[in-house]
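Order of the sequence lines sets the chain letters (A, B, ...), proteins ahead of strands, with each chain counted from 1. Values below: all heavy atoms of this structure, side chains included; hydrogens, waters and symmetry mates excluded.
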There are 2 protein chains.
Amino acid sequence: MSLPNSVTINDVVLRDGLQLEAKLLTVEEKLDLSNRLLEANVKTIEFGSFVHPRLVPQMANSKELFKYLKGNHDTTFIALIPNLKGAEIAAEIQVKQVNFVLSVSNTHNQQNVRQTTEESLQSLAKIKTYCDQSEIKVDVSLATTFGCPFEGKIPVERVHSIVEQLTKLSVHTITLADTTGMANPKQVYELVHSLVEKFSKQHFNLHFHNTRGMGLSNVLAGIQAGVTSFDTSLGGLGGCPFAPGATGNVCTEDVVHMLHCMEIDTGIDLIKLIEASNFLQTLVDHEVASSVLKAGKSDRKYEIPVS
Amino acid sequence: MSLPNSVTINDVVLRDGLQLEAKLLTVEEKLDLSNRLLEANVKTIEFGSFVHPRLVPQMANSKELFKYLKGNHDTTFIALIPNLKGAEIAAEIQVKQVNFVLSVSNTHNQQNVRQTTEESLQSLAKIKTYCDQSEIKVDVSLATTFGCPFEGKIPVERVHSIVEQLTKLSVHTITLADTTGMANPKQVYELVHSLVEKFSKQHFNLHFHNTRGMGLSNVLAGIQAGVTSFDTSLGGLGGCPFAPGATGNVCTEDVVHMLHCMEIDTGIDLIKLIEASNFLQTLVDHEVASSVLKAGKSDRKYEIPVS
């Protein structure tokens, strides 16, 4: 089993995690959460999105939040942008890295952003030109890479073709996203391995959901396929508003715990991360889907019961 | 990623699953559950244990249950036995296969059965002699193979040494059990691979818990290490009464679902298995920790919403 020495974690709880929560968090609450992630030494954070507040009210204060975050120069803060307007906001407030989402599935893309995948690729080209002028890095998340809740299986050739177009645009990171938790480890290993081999200069990141319990297995398969960068969400928060039934990104502390158990470095302080997840429960007013928050680390020892 | 064509599932819900439930099931209820497992084509079932009813009242009707099961000749029914007395009960009612548990961790063994590991190995030798005369197959489950909640790490050499003693006794199957969910995929791959290589004629089975969310990842690592036989529990029921905090065997339907997604045959009808898990919830009066019961299979398609 060939494993890397270290893996980068991009926590997405502030964006993908919170955007489906019933309770809208204030800037102060989000900042408190961010600070706990920073204290746990999380170095890459997707902190919000510049979408219309009527569509996603949970993200309405993303711009204001960034004012307080931008001083942390050793951390990468990423904003999701749906269009050129989002890129303009990013430039205005000096966000250095943005993430644009498009779906490999045409049907899913139309449901998600009212555009065909082809139209989204054309939007991306304009965004990329604009961001290059503003010195903003452009990442792309490929939703439904491993399956679409409407179309079902996605042809491998279609994924390869879109990735090829993205590499021609010289995007920074391509995130292969399992938007509704349909991926399995064999599929992950085979598809990711083929992409990493073919586009060996491209930086890939993986985004899994734990919908069918396979989230951590897919992380394992992704690592074995050669990827060392993962989206995860504190407390396993998140889902996809356009894919009914989808619940839960892979949980940051569960992924970090597994990686540390496997002697793979993340640079993250797991104890502080678990404390942050515990705090998150008080913010969102419900239990989160975290295993290590409940059970503790695997090296936890128990007193021998007195008989 | 080297994968097998097929994997054998040994469902342990009737023993390991039910033994921690507050509600005691009647023989009729257990038989109803068993029949649903049989209808789903589960071919190996640990159906109960012959322990003293004062210690584990949930298992008190195991002997009676077997009267109704023994006619299913194409299914392997396994009874857990704690001692020679258990083997005598097995012989009396014509159980053909028994499972004896001992812990690699001496401290855990003393907590579990009030004997040292060495004393348990001596008991096993007598049980094996008795069972050979009665034509009963003897399996052994090695509890705490991947870590002990009291002692912590278990030296690899100690596992190898005990496995060697078991092979000398010619036991049927050795189950490497992660009793309290401490195993990680790297450890599983390395330890299991080393055992499979060294004891290549021995039949191994793996038993994982999902305590820290790594259950299915450990199944994946176990398969990669060359094992094709796993203990799983319908609905993820179960735990260990002597290891506080431990919850949940790996869930049969989640494991079967992952294997089928990976094109690995189990012979099991997944739809009927999910129905059985749904029925289990009504029997035990609580929700079970099953992902596919909640989310459906990964090939589930959704209608495109009407806008």
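For the pair M258(A) and P185(B), the minimum side-chain heavy-atom distance is below 4.5 Å.
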Exercise. With side-chain contact (heavy atoms from CB on, under 4.5 Å) as the test, would you mind laying out the steps for R300(B) and R212(A) before giving the verdict?
Key: CA-CA 11 Å; R300(B) 179 179 179 179; R212(A) 275 95 183 179; 4.0 Å; yes
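When heavy atoms are compared at a cutoff of 4.5 Å, E151(B) approaches chain A solely by way of its backbone atoms N, CA, C and O. Proximity to chain A is absent for every atom of A183(B), based on heavy atoms less than 4.5 angstrom apart. At a 4.5 Å heavy-atom cutoff, Q187(A) makes no contact with chain B through either its backbone or its side chain. In this structure, chain B has no heavy atom under 4.5 Å from any part of A289(A). With a 4.5 angstrom heavy-atom cutoff, L220(A) touches chain B only via side-chain atoms. Residue K297(A) touches chain B through its backbone alone, counting heavy-atom pairs closer than 4.5 Å. Both the backbone and the side chain of I304(A) have a heavy atom closer than 4.5 Å to some heavy atom of chain B.
For C261(A) against M214(B), the heavy-atom pair with the smallest separation is SG-CE, 4.3 Å. In this structure, G181(A) and S298(B) approach most closely via the heavy-atom pair O-CB, 4.5 Å. Across all non-hydrogen atoms, the minimal contact from P305(B) to Q111(A) is CD-OE1, 3.3 Å. When all heavy atoms are compared, the tightest approach of F150(B) to Y302(A) is CD2-O, 3.4 Å. T211(A) and S291(B) make their closest contact through O-CB, 3.7 Å (heavy atoms, listed as atom of the first residue, atom of the second, distance). Of all the heavy atoms in K186(B) and M1(A), the pair that sits closest is CA-SD, 4.4 Å.
Around CG of D285(B), the count of heavy atoms belonging to other residues, nucleotides or ligands within 6.0 Å exceeds 12.
Ranked by non-hydrogen atom pairs under 4.5 Å with chain B, the options C251(A), G213(A), G147(A) are led by G213(A). Of the listed residues (H193(B), K294(B), Q224(B)), the greatest number of heavy-atom pairs within a distance under 4.5 Å of chain A belongs to Q224(B).
Atom NE2 of residue H257(A) and atom CG of residue N184(B) lie 8.5 Å apart, to the nearest 0.5 angstrom.
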